[in-house]
Structures are given as C-alpha cells and as structure tokens.
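Got a structure here, written out as structure tokens. Questions coming.
Every chain is numbered from 1 and lettered A, B, ... according to where its sequence line falls, protein lines coming before strand lines. As a basis for the values below, the full set of heavy atoms in this structure was taken, side chains included, without hydrogen atoms, waters or symmetry mates.
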Amino acid sequence: MPEGPVIRFLSEKAQVFVGKKVKKASAIDDSLDLKQLEGQKVTEIKTYGKQLLITFDKITVSVHLMLFGYYLINGKKPNGKLRLGLEFDNGELNFYASQVKLIEEPLEEVYDWTVDVMSPKWDPNAAVDKMNKLKKLLICDALLDQDIFAGVGNKIKDEILFNAKVHPASNIEKVPDKKKKELADEAASFSYKYLGWKRTEVQDEHFSVHWKEICPRDGTAIEKPKMGKQDRTTYHCPKCQKKY
DNA sequence: GGGAATGTTCACTA
DNA sequence: CTAGTGAACATTCC
C-alpha cells in the first residue's frame, strides 16, 4: 500500500474526520497511551513522505504503513491486529500492520517539508545538492533516500529513472546536475500523476517498467536485479536507460 | 512450507 | 567513531 501518493490519497479520504472528536482510541496492545486522545478534536490530517499525521491540540499521531500496512475507513478486519483504531461520530479509521507513534514536539522541529516531494515546499534544487554529497553511491540509492526524496518508494523510483532515461546503476557523481534536476522534478510530477490514478481508483496499469516484462519504448526485455545499498529489486530497461 | 514484495530501525561487527 | 551487515518486524499471495 504505502508510497507517498498512496498515503496522500488516504489523507484526502480521511479529511472527513478533521474537526471531529475521538470517541474511542484503541489498539491491540497498550504500548501507547491512546486514552489521552479520547475527547480530543482532530485539528489536521496531513502527510509527510510516507507518513500520515493526525494532529491534535498538543499531540500528533504519526502512522507509517511500512511494507505491509493497510487501513480501513469505516470497516474492521475481522481477525486483524489493530495497531490504531479511532472512532468518531461519523465513522472510524483503522490501521493494521503499521507503525504508530505519538509526537509531542512541534512538527516543524521534527519534519522538514522541503524534502517531501509532494509538499508545496518541495525544493528540487536542494535535492540535487544533497545527491551530490552522496558521491560514491548509485543513483537508485539516492532516490530511495527519505532525507532527500521523502515519499518516493521502490516502485516510484523505477518509474522516475525510466522516464528520465537514466540507468539505476549510474554513479551519482557521473550523472550531470542537469539530469539530477530532471530526476528531482520527475519525482514530484510522477507522484502527482500517481495520486491522480489513485483518485480514479485505477491501480498500476500506468506503470512503465515496474512489474513489466518488456520495455514500452523499444521492446527490450526488462531486467530486475537486486541493486544498491538496500538490495532492492530494480526494474529497468538495459538498453534505453543510459548508464553514467 | 518457502520465498517475495510497495519499508525502516536497531544491534552488532570490523 | 563510523560504515557496513544482518536481523527483526509485519502480511498476503503463489
């Protein structure tokens, strides 16, 4: 479920709970003091990268879906392990297999929205500068770095590189700055496109390389080796994506 | 049963 | 101290 645009989509659907008071807050375990949320009014629901932030007067709940997380609005999974369940007068919001945290510090101290590719504050030039500091790493690692491209995930990474015709195993130092800027811009524009597809309930038919077998540009067989620092599956066309 | 897959953090080693 | 490695967690599907 969980790349930036998917979380943004969830956030849009969850806006119906903004301004509502939590009737009941619960979870399968009591590692978090969720009782303090009961009776509190939701002030905002927004995202930072792949995290959903539900803010209250003095506290924020952050939910990260990690790899397997999922949510249900106005529904419960029969045997699911509830990681966070919030009940309101007009419905409920339930999370499973997620990482839930309570944040008491002001959000501006915790998050830098210039790093979030879907934020109005997103700064692609700063991203280029940060990529240059990674030097010896591969470009595919840079795109997954949440301190540079918050919200970009493994699937989006593949699509960005394909659209910019850059080979994932390219050396960061060798990729020209102009091309890096193109990647940064593509990170944002692809994320918004992805969000648009989510809104029309279309799933992944719009992807060009990820999970594909043949390059839509030249018919070459797509390769998908594990690559980079994190050894992630990386779909790419060995022919039309240039290796720097 | 085994192995993957949209992700991240932390303990441990060299 | 730092960089790198491996484990851990969690779920569903084939």
**Study point:** Separation of atom OH in Tyr96(A) from atom P in dA10(C), rounded to whole Å
**Key:**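 In whole Å, dA10(C) P lies 16 Å from Tyr96(A) OH.
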Exercise for review: Compute the centroid of each ring, for Phe207(A) and then for Tyr194(A), and state whether the two points are separated by less than 6.0 Å.
Suggested key: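 Under 6.0 Å, so yes.
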Check your understanding: Contact class for Lys50(A) vs. all strands (heavy atom < 4.0 Å): base, sugar-phosphate, or nothing?
Key ->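 Sugar-phosphate contact only.
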Check your understanding: Which of these nucleotides, dT11(C), dA5(B), dT6(B), is closest to any side-chain atom of Lys226(A)?
Key ->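 Within the option list, the nearest is dA5(B).
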Practice item. Once you apply the 3.5 Å cut-off to both distances, tell me the Watson-Crick or G-U wobble partner of dA10(C), or none. Key: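 dA10(C) is paired with nothing.
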Practice item. Write down the distance between CZ (Arg83(A)) and P (dC9(C)), rounded to a whole number of angstrom. Key: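 Rounded to the whole Å, the gap is 11 Å.
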Exercise for review: Could you tell me the separation between the CG atom of Asp145(A) and the P atom of dT8(B), rounded to a whole number of Å?
Suggested key: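 The distance from CG of Asp145(A) to P of dT8(B) comes to 10 Å, rounded to the nearest Å.
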Review point. Under 4.0 Å: is that the gap between some side-chain N or O of His210(A) and OP1 or OP2 of dT6(B)?
Key: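 So the side-chain polar atoms of His210(A) do come within 4.0 Å of the phosphate oxygens OP1 or OP2 of dT6(B), strictly under.
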Exercise for review: Rounded off to whole Å, could you give me the CG-to-P distance for the Leu84(A) and dA10(C) pair?
Suggested key: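 So the two atoms are 16 Å apart, to the nearest Å.
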Exercise for review: Please determine, for the side chain of Leu67(A), which listed nucleotide (dT8(B), dT11(C), dT6(B)) has the closest atom?
Suggested key: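 Closest of the options to the side chain of Leu67(A): dT6(B).
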Exercise for review: Quick one: pull up CG in Asn171(A) and CG in Leu138(A) and give me the separation to the nearest 0.5 Å.
Suggested key: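 Those atoms lie 7.0 Å apart.
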Exercise for review: Would you mind reading off the distance between Leu138(A) atom CG and dG4(C) atom C1', rounded to a whole angstrom?
Suggested key: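 Taking atom C1' of dG4(C) as the reference, CG of Leu138(A) is at 15 Å.
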Practice item. Give the nucleotide from the list dG7(B), dT8(B), dT11(C) with an atom nearest to the side chain of Phe68(A). Key: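 Among dG7(B), dT8(B), dT11(C), the one nearest the side chain of Phe68(A) is dT11(C).
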Practice item. For Lys136(A), answer base if it contacts any base atom (sugar-phosphate contacts may also be present), sugar-phosphate if it contacts only those atoms, and nothing otherwise; contact means non-hydrogen atoms under 4.0 Å. Key: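 Lys136(A): no heavy atom of the nucleic acid under 4.0 Å.
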Review point. With a cut-off of 6.0 Å (strictly less than), are more than 12 heavy atoms of other residues, nucleotides or ligands near NZ of Lys193(A)?
Key: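 Yes, NZ of Lys193(A) has more than 12 neighbouring heavy atoms, counting only those of other groups under 6.0 Å.
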Review point. Expressed in angstrom and rounded to an integer, what is the separation of Gln230(A) atom CD from dG4(C) atom P?
Key: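 Distance, rounded to whole Å: 13 Å.
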Exercise for review: Ignoring backbone atoms, test whether Gln99(A) places a side-chain nitrogen or oxygen under 4.0 Å from the OP1 or OP2 oxygen of dT8(B).
Suggested key: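 Indeed not, no polar side-chain atom of Gln99(A) lies that close.
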Exercise for review: Please state whether the phosphate of dT6(B), meaning OP1 or OP2, lies under 4.0 angstrom from any side-chain nitrogen or oxygen of Arg232(A).
Suggested key: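 Answer yes for this pair, as a side-chain N or O of Arg232(A) is under 4.0 Å from OP1 or OP2.
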Practice item. Please round to the nearest 0.5 Å and tell me the distance separating atom CZ of Phe68(A) and atom OG of Ser98(A). Key: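 It is 12.0 Å, given to the nearest 0.5 Å.
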Review point. Is Lys101(A) near enough to dT8(B) that one of its side-chain N or O atoms lies under 4.0 angstrom from OP1 or OP2?
Key: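 Answer no for this pair, as no side-chain N or O of Lys101(A) is under 4.0 Å from OP1 or OP2.
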Check your understanding: Quick one: do Lys181(A) and Asp177(A) make a salt bridge, cutoff under 4.0 Å?
Key ->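 Salt bridge flag = no for Asp177(A) with Lys181(A).
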Practice item. Give one of base, sugar-phosphate or nothing for Gln146(A), where a contact means two heavy atoms less than 4.0 Å apart. Key: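 Sugar-phosphate contact only - Gln146(A) comes under 4.0 Å of backbone atoms but never of a base.
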Exercise for review: Using whole Å, report how far CG of Asp231(A) lies from C1' of dG3(B).
Suggested key: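 Distance, rounded to whole Å: 15 Å.
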Exercise for review: Take atom P in dG4(C) and the same atom in dT6(B), then report the distance between them in whole Å.
Suggested key: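 Rounded to whole Å, the distance is 23 Å.
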**Study point:** Interatomic distance, Gln51(A) atom CD to Gln146(A) atom CD [nearest 0.5 angstrom]
**Key:**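 Those atoms lie 9.0 Å apart.
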Practice item. For Lys157(A), report the nucleic acid contact type (base, sugar-phosphate, nothing); a contact means any heavy atom under 4.0 Å. Key: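 Contact class for Lys157(A): none.
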Review point. With sugar-phosphate meaning primed atoms plus P, OP1 and OP2, does Ser98(A) contact a base, only sugar-phosphate, or nothing at under 4.0 Å between heavy atoms?
Key: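 It contacts nothing in the nucleic acid.
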Check your understanding: Among dT11(C), dA5(B), dG7(B), which nucleotide sits nearest the side chain of Tyr70(A)?
Key ->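 Within the option list, the nearest is dT11(C).
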Point to revise | Distance, rounded to the nearest Å, where Lys229(A) contributes NZ and dG7(B) contributes C1' | key: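 Value for this atom pair: 14 Å.
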